[in-house]
Amino acid sequence: MTFVIELDMPVTLEQLEDAARRRTRVELSEPVRARVRASRDVLEKFVQEERVIYGVNTSMGGFVDHLVPVAQARRLQENLINAVATNVGAYLDDTTVRAIMLSRVVSLSRGNSAITPANLERLVEVYNAGIVPCVPEKGSLGTSGDLGPLAAIARQVRRGGRARSASRWRFRRRVPARCGPSTGWCAAP
C-alpha cells in the first residue's frame, strides 16, 4: 500500500497515525512536485534579485539586521539546524517520529516553503527506507515547540544525526540533503 500525497489534499491525524504505524510508503504526486519546484523557483528568483528575505539572506532573531551573503547561505542554514537541535532525554518512539516526519512531508508538499525538490525527495526517501531519527523528547524552541524535534530529523536527512534502523548503513551511500537558501527553515524544516 502507498500513501500518495496529492495537491491540496487534506490529511487527518488518523491518516498520519495509521500510515506511521503501518509503515506505509509515501509518494508525491506530479502536481505536488510541480508546485514545490515552482515555489523554489520563486525563492531563487528573489535571491538573484538580491531581495532581503528573513532567514534566507538575513540572520535570525536578535541578529535579523545582519545581512548574510548568498555565498554563506548553506552555512547559515546548517548552523540554524545545529543550533536548534538541542532536545535532551529519552528518544521518542518510532511511530511518533514517523508521524512527525510524515506530517512534515505533507506540510512541505503544499509548496509554500521553497524547499528544494531534491531535499523533499530525500526526506521521503528517509521515511520510506524505515530510517527513524533519534529525537530526544524534552525541550524545544519556537512558539509551537517543534523546532528541536524537526532539527533532529533534519540532521539525519543531512547525515548528521543519529538514527535507529538496520538499513541506515545502506542508505548512507545515497546523496545527502544539501542546505542552501531557506532549506534550514524547511527541514527543521
TODO: Please step through side-chain contact (heavy atoms from CB on, under 4.5 Å) for the pair V36 and L28, ending with a clear verdict.
DONE: CA-CA 10 Å; V36 168; L28 305 175; over 6 Å; no
TODO: May I have the step-by-step check of side-chain contact (heavy atoms from CB on, under 4.5 Å) for S109 and L120, ending in yes or no?
DONE: CA-CA 8 Å; S109 295; L120 179 56; 4.1 Å; yes
Open item on the list: As a quick check of understanding, evaluate side-chain contact (heavy atoms from CB on, under 4.5 Å) for Y54 and M60, giving each step before the final call.
Closed with: CA-CA 7 Å; Y54 179 77; M60 288 145 275; 3.5 Å; yes
TODO: Using the salt bridge (charged side-chain N to carboxylate O under 4.0 Å, His left out) rule, take R22 and E17 through it: C-alpha gap first, then chi angles, then the decisive distance, then the call.
DONE: CA-CA 8 Å; R22 294 175 188 255; E17 180 183 16; over 6 Å; no
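Proximity of a side-chain donor or acceptor of N128 to a complementary backbone N or O of V26 within less than 3.5 Å is detected. Listed for the R40 side chain is a donor-acceptor partner under 3.5 Å among the backbone atoms of A114. D18 places no side-chain N or O within donor-acceptor distance of the main-chain N or O of E14, the cut-off being under 3.5 Å. Between the N57 side chain and the A73 main chain, no donor and acceptor come within less than 3.5 Å of each other. A side-chain donor-acceptor contact under 3.5 Å links S113 to the backbone of I115. A donor-acceptor contact shorter than 3.5 Å is absent between the side chain of Y127 and the backbone of V105. Side chain of E137 to backbone of N87: no donor-acceptor contact under 3.5 angstrom is found. Without hydrogens or angle criteria, Q72 side chain to P69 main chain gives no donor-acceptor distance under 3.5 Å.
For the residue pair A152 and P136, the shortest heavy atom distance occurs at CB-CD, 4.5 Å. The two residues G55 and Q77 come nearest to each other via the heavy atoms O-NE2, 2.7 Å. Residues S59 and V68 come closest through the heavy atom pair N-CG2, 3.8 Å.
Of the inter-residue distances, the one linking L150 atom CG with I81 atom CD1 reads 10.5 Å to the nearest 0.5 angstrom. Here NE2 of H66 is found 12.5 Å from CG of L76. Values are rounded to the nearest 0.5 Å. Considering CZ of R110 and OG of S39, their distance stands at 13.5 Å, rounded to 0.5 Å. The CG atom of L16 sits 6.0 Å away from atom OG of S103, with the distance rounded to the nearest 0.5 Å. Atom CG of L92 and atom CD1 of I100 lie 5.5 Å apart (nearest 0.5 Å). Here the CZ-CG distance, from R74 to N79, works out to 11.5 Å after rounding to the nearest 0.5 Å.
Comment: R33 engages E30 in a salt bridge, judged by a side-chain N to carboxylate O separation of less than 4.0 angstrom. With salt bridges taken as basic N to acidic carboxylate O contacts below 4.0 Å, none links R98 and D94. Of the charged side-chain nitrogens involved, none lies within less than 4.0 Å of a carboxylate oxygen, so that K45 and D41 do not count as a salt-bridged pair. Salt-bridge check for R35 with D8: passed, with a basic side-chain N closer than 4.0 Å to an acidic carboxylate O.
Two residues are said to be in side-chain contact when any heavy atoms from C-beta on lie closer than 4.5 Å; R104 and I153 fail this criterion. The closest side-chain heavy-atom distance from N82 to R155 is below 4.5 Å. For the pair V11/F3, a side-chain contact is recorded, criterion being any heavy-atom separation below 4.5 Å from C-beta on.
Under the 4.5 Å side-chain heavy-atom criterion for ILVMFWY residues, no single connected hydrophobic cluster contains both V32 and V4. In this structure, I53 is not a member of the same hydrophobic cluster as L67, with clusters built from ILVMFWY side-chain heavy atoms closer than 4.5 Å. One hydrophobic cluster, built from ILVMFWY side chains closer than 4.5 Å, holds both M9 and M101. No continuous path of ILVMFWY side-chain contacts below 4.5 Å connects V126 to Y91, so the two sit in separate hydrophobic clusters. Hydrophobic cluster membership differs between V88 and V97, with clusters built from Ile, Leu, Val, Met, Phe, Trp and Tyr side chains linked at under 4.5 angstrom.
Heavy-atom contacts from other residues, nucleotides or ligands closer than 6.0 Å to CD of E49 number more than 12.
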